[in-house]
Amino acid sequence: MAIPIVPAIAALLLLSLALYRFIIFPASISPLARIPSAHWSAPFSRLWILYYRSREEETPTIHAAHQRLGPIVRVAPNDISVNSVEGGIRNVYAGGYEKGDWYQNIFKNYGVMPMFAMPDHGPHSKRKRMLSNIYAKTTLQTSAALSTITKVLMEERLMPRLRQVAQNGKPSEFYWLFASLTSDIVSAYMFGLAQGTDYTQQPDVSARFFAHYKARQRYQFWPQDLPSLTRWLGKAGLKWLVVPNWVDEANASMQENVLIMCDAAEKVVSEAGDGKGAANPEDWPNVYAQLRNALLKEQATKTDMTGSVEELVQEQRLAVASEMLDHLFAGFDTSSISLVFLAWELSRPENTVWQEALRNEISTLQDKYDAKAVDTLPLLQAIVQETLRLHAAIPGNQPRITPAAATLGAPGHSISDLPAGVRVQAQAWITFNIALLLLPRDLCTMGPELLLP
Ligand code: HEM
């Protein structure tokens with residue numbers, strides 16, 4: 001039987017194109033082909049790295065690849081990692097690289113993007129300018145409200161709780177305790193003490209909340225790294241196969257909680273219409289008011305603006321809430337992870353000497369709630385920095401997207417003329433430790449004298 005010539009040629013052409021597009025080009029012609037592959041399949045497929053991402057094992061896996069292959073590695077056809085300061089962290093995070101879709105895939109609260117998820121540099125910087133003053137070190141250090149908040153939380157919430165734990169004599173989950181404290185502090189500054197969370201005094205409520213909060217995180221992989229597949233499964237009613245239903249319910253309930261705090265903060269701001277603030281300064285919603293007023297001001301400059309302040313507030317309600325939710329969660333989780341490690345390090349037998357020295361240093365303070373004085377304590381500084389270095393709360397995987405003709409990789413290993421649109425990450429934790437030419441394990445036994453002036 002004769003083979004039909006036209007379909008045969010078409011099939012051959014298609015096969016050749018596929019061969020070129022998926023095998024020959026990525027493996028030998030793409031500019032990324034000059035970069036060592038972390039796995040043999042990396043030039044052809046994302047499966048290898050997706051597997052480790054899904055298991056939350058990306059950081060050590062990429063670290064191992066850098067140790068084998070050097071300071072720049074390819075982890076998927078369009079995905080690379082660099083672990084140097086020059087040609088790495090500096091370019092990727094301070095060189096105006098855009099964020100891409102990865103952030104907005106999951107950090108779109110109430111369907112609105114907060115600053116953290118904004119992929120484009122322009123809108124991101126604009127939002128950042130609206131907020132930077134309220135988080136500036138001088139603002140925080142001179143804020144009488146924050147000083148009162150800290151005092152109330154330490155003396156009226158934390159100390160009684162610690163006494164309870166000590167009297168109880170049983171092991172206690174300190175992540176929950178620190179997460180309660182940091183959530184209370186961050187939310188009190190953002191929404192006002194009276195409107196913020198009060199988890200420190202409610203061990204059972206907070207344990208439930210934080211257990212849910214953490215358990216949810218392992219399912220972020222699906223909407224974040226495989227958004228189309230997850231959407232498709234959702235449409236087919238099969239999303240539960242990869243993300244259990246309770247995860248969406250937990251997310252919705254967290255959003256609801258933050259909206260309640262925002263509405264309570266709005267009441268304080270709108271009632272203080274004359275600009276005098278709250279009756280008690282510590283109840284003023286610093287961050288909420290700053291963003292709400294900045295967005296209203298921006299609205300007011302629009303020529304077609306109509307409507308009352310209440311209507312404008314209503315229009316901005318979800319945009320402000322989305323930003324607030326992000327700050328609250330970004331703020332309490334990172335800080336509590338760091339505090340857990342700090343406490344753990346100081347409790348280790350070889351470090352109790354530093355615990356004692358830190359107590360002595362703190363006891364020299366005239367006023368423990370004077371943030372400026374606290375900031376001048378050298379041993380405290382060193383211990384905090386050493387904890388952040390050894391146990392980074394966010395050790396890596398903050399991807400960015402290359403601009404056209406990028407050059408990346410440490411001097412002597414750099415690859416130039418990379419195309420636009422390549423996903424690149426530089427893992428801060430690895431880079432910092434390699435920059436010191438020491439391995440973390442060695443540093444654990446060295447103590448914080450390393451960073452003392
Ligand atoms: C030990 C404490 C903290 C650590 C280690 C930490 C770490 C980080 C890192 C690595 C990023 C960049 C993430 C990326 O680009 O993918 C980031 C962003 C951010 N963090 Fe923190 N953070 C800490 C505390 C806080 C606190 C206390 C707040 C707020 C109260 C906060 C709010 C934010 C926000 C809003 C962003 C997004 C900034 C932007 O998009 O420009 N963080 N943080």
Side-chain angles (χ1 to χ4, degrees), residues 1-58 61-62 64-65 68-70 72-82 97-106 108 119-120 219-245 248 397 399-409 415-425:
M1 190 182 73
I3 300 171
I5 191 85
V6 176
I9 290 178
L12 204 67
L13 259 174
L14 268 181
L15 198 70
S16 313
L17 272 177
L19 201 70
Y20 176 80
R21 165 82 177 74
F22 296 111
I23 309 282
I24 300 172
F25 179 81
S28 47
I29 297 173
S30 157
L32 274 68
R34 289 173 277 154
I35 300 170
S37 293
H39 185 255
W40 65 264
S41 66
F44 318 112
S45 153
R46 293 168 68 207
L47 277 180
W48 176 77
I49 195 64
L50 285 179
Y51 171 75
Y52 289 106
R53 275 184 198 146
S54 71
R55 294 169 58 94
E56 300 179 302
E57 289 172 0
E58 180 170 14
T61 305
I62 290 192
R68 274 185 291 117
L69 301 163
I72 177 161
V73 296
R74 188 181 192 184
V75 299
N78 202 37
D79 198 335
I80 63 178
S81 172
V82 277
Y97 283 33
E98 308 265 316
K99 278 186 162 175
D101 293 341
W102 192 77
Y103 289 84
Q104 54 171 313
N105 286 347
I106 62 158
K108 220 177 183 180
D120 300 326
Y219 299 102
Q220 285 179 355
F221 164 79
W222 291 96
Q224 191 157 37
D225 285 283
L226 293 169
S228 308
L229 174 65
T230 310
R231 259 195 309 275
W232 182 85
L233 286 171
K235 279 184 192 152
L238 295 171
K239 191 171 153 199
W240 57 269
L241 282 174
V242 291
V243 182
N245 291 336
D248 288 341
N397 197 13
R400 297 291 187 268
I401 304 296
T402 54
T407 299
L408 283 171
I415 307 281
S416 50
D417 274 333
L418 288 166
V422 176
R423 177 182 151 136
V424 55
Q425 60 176 310

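All values below come from the heavy atoms of this structure, side chains included, with hydrogens, waters and symmetry mates left out. Counting begins at 1 with the first residue of the sequence. Since the structure is predicted, the reported quantities are computational estimates derived from the model, not experimental observations.
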(request) Measure the spacing between OG of Ser81 and CZ of Arg423 and express it to the nearest 0.5 Å. (result) 10.0 Å
(request) List for me each residue that meets salt bridge (Lys or Arg N to Asp or Glu O under 4.0 Å) alongside Glu56, sequence neighbours excluded, and say none if there are none. (result) none
(request) Would you indicate whether the side-chain heavy atoms of Ile62 and Ile49 approach each other to under 4.5 Å? (result) yes
(message) Restricting to non-hydrogen atoms, name the atom on Ser416 and the atom on Thr407 that form the minimum distance, rounded to 0.1 Å.
(response) CB-OG1, 3.5 Å
(request) Drop me the distance from Tyr51's OH to Ser45's OG, to the nearest 0.5 angstrom. (result) 14.0 Å
(request) Not counting sequence neighbours, which residues clear side chain to side chain contact (heavy atoms under 4.5 Å, CB included) with Leu50? List them please. (result) Arg46, Arg53, Phe221, Asp225, Leu226
(message) For the CG atom of Leu12 and the CG atom of Leu19, what is their distance to the nearest 0.5 Å?
(response) 10.5 Å
(message) How about CD1 on Ile5, more than 12 heavy atoms from neighbouring residues, nucleotides or ligands closer than 6.0 Å, or not?
(response) no
(message) Can you give me the closest heavy-atom contact between Asp417 and Ala405, atom names plus distance?
(response) OD1-CB, 3.9 Å
(request) Kindly give the heavy-atom pair with the smallest separation between Ala38 and Ala65, and that separation in Å. (result) CB-CB, 3.8 Å
(message) For Lys239, I'd like to know if atom NZ has over 12 heavy atoms of other residues, nucleotides or ligands within 6.0 Å.
(response) no
(request) Indicate the ring-plane relationship of Tyr52 and Trp48, choosing parallel, tilted or perpendicular according to the 30° and 60° boundaries. (result) perpendicular
(message) Does Arg21 have more than 12 heavy atoms from other residues, nucleotides or ligands lying within 6.0 Å of its CZ?
(response) no
(message) Between Ser37 (side chain only) and Ala42 (backbone N and O only), is there a donor and an acceptor less than 3.5 Å apart?
(response) no
(message) Once rounded to the nearest 0.5 Å, what's the spacing between atom OG1 of Thr230 and atom CD of Gln220?
(response) 12.0 Å
